[in-house]
Structure formats: structure tokens, C-alpha cells
Amino acid sequence: MQTLTRDFKIAPSILAADFARLGEEVDAVLEAGADMIHFDVMDNHYVPNLSFGPMVCEALRKYGVTAPIDVHLMVEPVDALIEQFVQAGASYITFHPEASRHVDRSLRLIKEGGCKAGLVLNPGSSLDLVRPVLDELDMLLLMSVNPGFGGQTFIPYTLDKLAQARELIDRSGKPIRLEVDGGVNLDTIGSTVLAGADTFVAGSAIFGAPDYRQAVADLRAKIQAAHEQASQ
Ligand code: DX5
Ligand code: ZN
């Protein structure tokens, strides 16, 4: 059952932004009401695509972005980039446990750097990968598409895993965010709320919309409606 106090956050993925105007795009989604910026780092090794790295994160900070930057590492190995993203001004750093030989060490690197730490599970990866270190996490991110590209279709069986993750988190009693990433839009976001997500990555659903303010408001309305439905 959902609690009335759950604090929902919307995190637009800049993978879907116009890179030629990145600073303005980030300002625009934050002014439109987004809570944090989701920053997808791809290395053409862990995933078959290449995006941007710590220099771009640092550039956004220098440009004046003060909102939380939620760095999602789709890279292997992870430790060297964790250190660079700590320096670059990341707020959250999440990585895929399969991409680190020493998951606990990588989590510690993030926290010792003063950032919030999280793990990411692919659609085909089991929650068992995070159970041993759950208490160390500030965020658990469940992929609802296979990582590597924006604009893919939401994989419905993620909902079961979200519900199981919500149970694990509630049982732990820790304030761990439960984030969902991939294919989140007006048609799918409600079901993720019902399953227990509280943090929503949306790339094409926001940057692909003609009016960012309207897109964020519409997503928030769907979150609220699903939340009210779950609270009845
Ligand atoms: C996929 C990325 C996602 C992606 C989401 O590997 O992790 O953050 O940009 O894009 P949409 O919302 O378009 O599915
Ligand atoms: Zn992502």
C-alpha cells in the first residue's frame, strides 16, 4: 500500500535533449517543474551506444545548474568514472552491479566522495544482486527497457520487480529512492506508481513534447491520480 507522504520526483533524461543547446534545455526542464536531471553515461562497451561523460556534467555545473544531477553509469568498469563524476559535481551516482568486480567498494567510493549511491538492475537482472548491499543504497533504479537507447517501449514485467523492490525497501526502513527508467510516459507512469516507484526518469516523454511545462504537469497529474487510487 502506498503511503500518503511519498515524495515523488521527476527526472528528465537529457539523452533526449538537443545536445547543441544542452544548458538551455536543462534550464527549460527545471523551469518546467522537473526535480532533478537524469544523466545517462554510455561507453559503447557495457551498452552498444556512446553518450557523454564527466566533462559535460562539470560544464553544466559551471553553466549554473544547481539542481541534483542523477548520473546513471552504463559503463564497465565503473570505479575510475565514479571518481571523475564525484569531481564533476554529480549528486547521485548509480551503476549496474554486473559492471563492477567489487560492488561494495564502488558504492563506498561514491559515498566517500560525498555523493548519494545507487544500483541499477536491467530487466533481466535479479533483485538478489542488490539484497546484500540494500542498506548501503540511497537509490535503487530498475530499468524498464534494456539500457542503451532512449525511446524504447516499457517492458511490463518490470512492474512485478518494482513491487518486490518496494517491499524490500519498506522492510529495510531506509529512505531508499525507487527509480524507474525506460519507456516512462503518460500511458505507463501510473502503473509504476501503483507498483511502488517514487522517482521517474522520462526522456522522450518530456524532451519530445512541444511544451515541457505541460509535459511535466501531465506526468505529475498521472502520478497523483495513481497515488490517490492506491491510497483508497
Ligand atoms: C536508457 C536510458 C534512459 C533513457 C530513457 O538506457 O537509461 O534513461 O534515456 O529514455 P525514454 O524515457 O525515452 O525511454
Ligand atoms: Zn538512465
Side-chain angles (χ1 to χ4, degrees), residues 9-19 22 25-26 29 32 34-54 56-57 60 67-76 78 81-82 85 90-99 110 115-125 137-159 161-162 177-193 197-210 212 215-216 218-220 222-223:
K9 304 271 190 215
I10 294 181
S13 164
I14 56 168
L15 194 63
D18 177 353
F19 293 167
L22 190 57
E25 287 273 77
V26 168
V29 285
D35 301 293
M36 57 173 113
I37 296 300
H38 187 77
F39 194 101
D40 284 309
V41 185
M42 302 178 179
D43 67 349
N44 191 37
H45 171 69
Y46 182 70
V47 290
N49 199 0
L50 187 65
S51 62
F52 33 69
V56 174
C57 182
L60 288 176
I69 298 182
D70 170 29
V71 173
H72 173 193
L73 293 181
M74 287 162 274
V75 305
E76 184 180 3
V78 299
L81 278 169
I82 284 172
F85 272 103
S91 309
Y92 286 87
I93 301 178
T94 64
F95 65 92
H96 292 247
E98 301 94 334
I110 297 172
C115 296
K116 292 189 191 297
L119 287 175
V120 192
L121 292 178
N122 289 326
S125 297
L137 304 185
D138 297 297
M139 184 184 278
L140 174 57
L141 168 51
L142 299 192
M143 295 301 303
S144 35
V145 298
N146 287 297
F149 302 94
Q152 301 182 77
T153 304
F154 185 89
I155 297 175
Y157 69 70
T158 312
L159 295 172
K161 201 157 54 165
L162 271 174
R177 289 211 154 270
L178 181 54
E179 186 171 45
V180 60
D181 183 4
V184 173
N185 56 34
L186 290 176
D187 294 330
T188 55
I189 198 165
S191 58
T192 71
V193 174
D198 56 24
T199 308
F200 310 90
V201 176
S204 29
I206 294 176
F207 285 106
Y212 298 167
V216 172
D218 289 348
L219 287 171
R220 258 194 227 290
K222 292 280 185 190
I223 292 169

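Ligands are counted one by one from 1 in listed order, and the atoms in each one are counted from 1 as well.
Contact of the Phe154 side chain with the Thr192 side chain is registered, since non-hydrogen atoms from C-beta on lie closer than 4.5 Å. Side-chain atoms of Pro48 and Phe149, non-hydrogen and from C-beta on, do get closer than 4.5 Å to each other. Residues Thr199 and Asp35 are not in side-chain contact: their nearest non-hydrogen atoms beyond the backbone lie 4.5 Å or more apart. Two residues are said to be in side-chain contact when any heavy atoms from C-beta on lie closer than 4.5 Å; Cys115 and Phe85 fail this criterion. When side chains are defined from C-beta on, His96 counts as touching Pro147, because their heavy atoms get closer than 4.5 Å. Between Ile10 and Ile206 there is a side-chain heavy-atom pair separated by less than 4.5 Å. Inter-residue side-chain proximity for Val216 and Val29 is flagged as unmet; no heavy-atom pair is nearer than 4.5 Å. Between Val201 and His72, the closest side-chain pair of non-hydrogen atoms is not below 4.5 Å.
Per-residue contacts place Pro147 under 4.0 angstrom from the following atoms of ligand 1 (heavy atoms of the residue considered): 6 (O). Taking every heavy atom of Gly182 and a limit of under 4.0 angstrom, the matching atoms of ligand 1 come to 14 (O). Near Asp181, with a cut-off below 4.0 Å to any heavy atom, the atoms of ligand 1 are 2 (C), 3 (C), 4 (C), 5 (C), 7 (O), 8 (O). Distances below 4.0 Å separate heavy atoms of Met42 from the following atoms of ligand 1: 6 (O). The ligand atoms of ligand 1 that sit less than 4.0 angstrom from a heavy atom of His72 are 7 (O). Interface atoms of ligand 1 facing Val201, defined by a heavy-atom separation under 4.0 Å, are 8 (O). Residue contact check: Leu15 has heavy atoms under 4.0 Å from atoms 9 (O) of ligand 1. The Ser13 neighbourhood of ligand 1 comprises atoms 8 (O), 9 (O), with distances under 4.0 Å to a heavy atom of that residue.
Of the possible donor and acceptor atoms, one in the side chain of Thr188 sits under 3.5 Å from a partner among the backbone N and O of Gly183. One N or O on the side chain of Asp138 and one on the backbone of Ala117 form a donor-acceptor pair closer than 3.5 Å.
For atom 14 (O) of ligand 1, the closest non-hydrogen atom on the protein side is Gly183 N, 2.8 Å.
Closest to the Zn ion (ligand 2) among the N, O or S atoms of Asp40 is OD1.
Ligand 1 is approached by Ala202 to a heavy-atom distance shorter than 4.0 Å. Residue contact annotation: Phe149 has a non-hydrogen atom under 4.0 Å from ligand 1. Using 4.0 Å as the threshold, Gly151 has a heavy atom nearer than that to some atom of ligand 1.
Ligand 1 has no nitrogen or oxygen under 3.5 angstrom from a nitrogen or oxygen of Asn146. Close N/O approach between Gly148 and ligand 1 is found [any backbone or side-chain N/O within under 3.5 Å].
Evaluated for a side chain to side chain contact (heavy atoms under 4.5 Å, CB included) with His38, the options Asp70, Ile14, Val71, Leu15 yield exactly one hit, Asp70.
The Zn ion (ligand 2) is the vertex of the angle joining OD2 of Asp181 and ND1 of His72, which measures 100° to the nearest 10°.
If you check each of Gly150, Gly203, Ser204, Pro12 against atom 13 (O) of ligand 1, the one with the closest non-hydrogen atom is Ser204.
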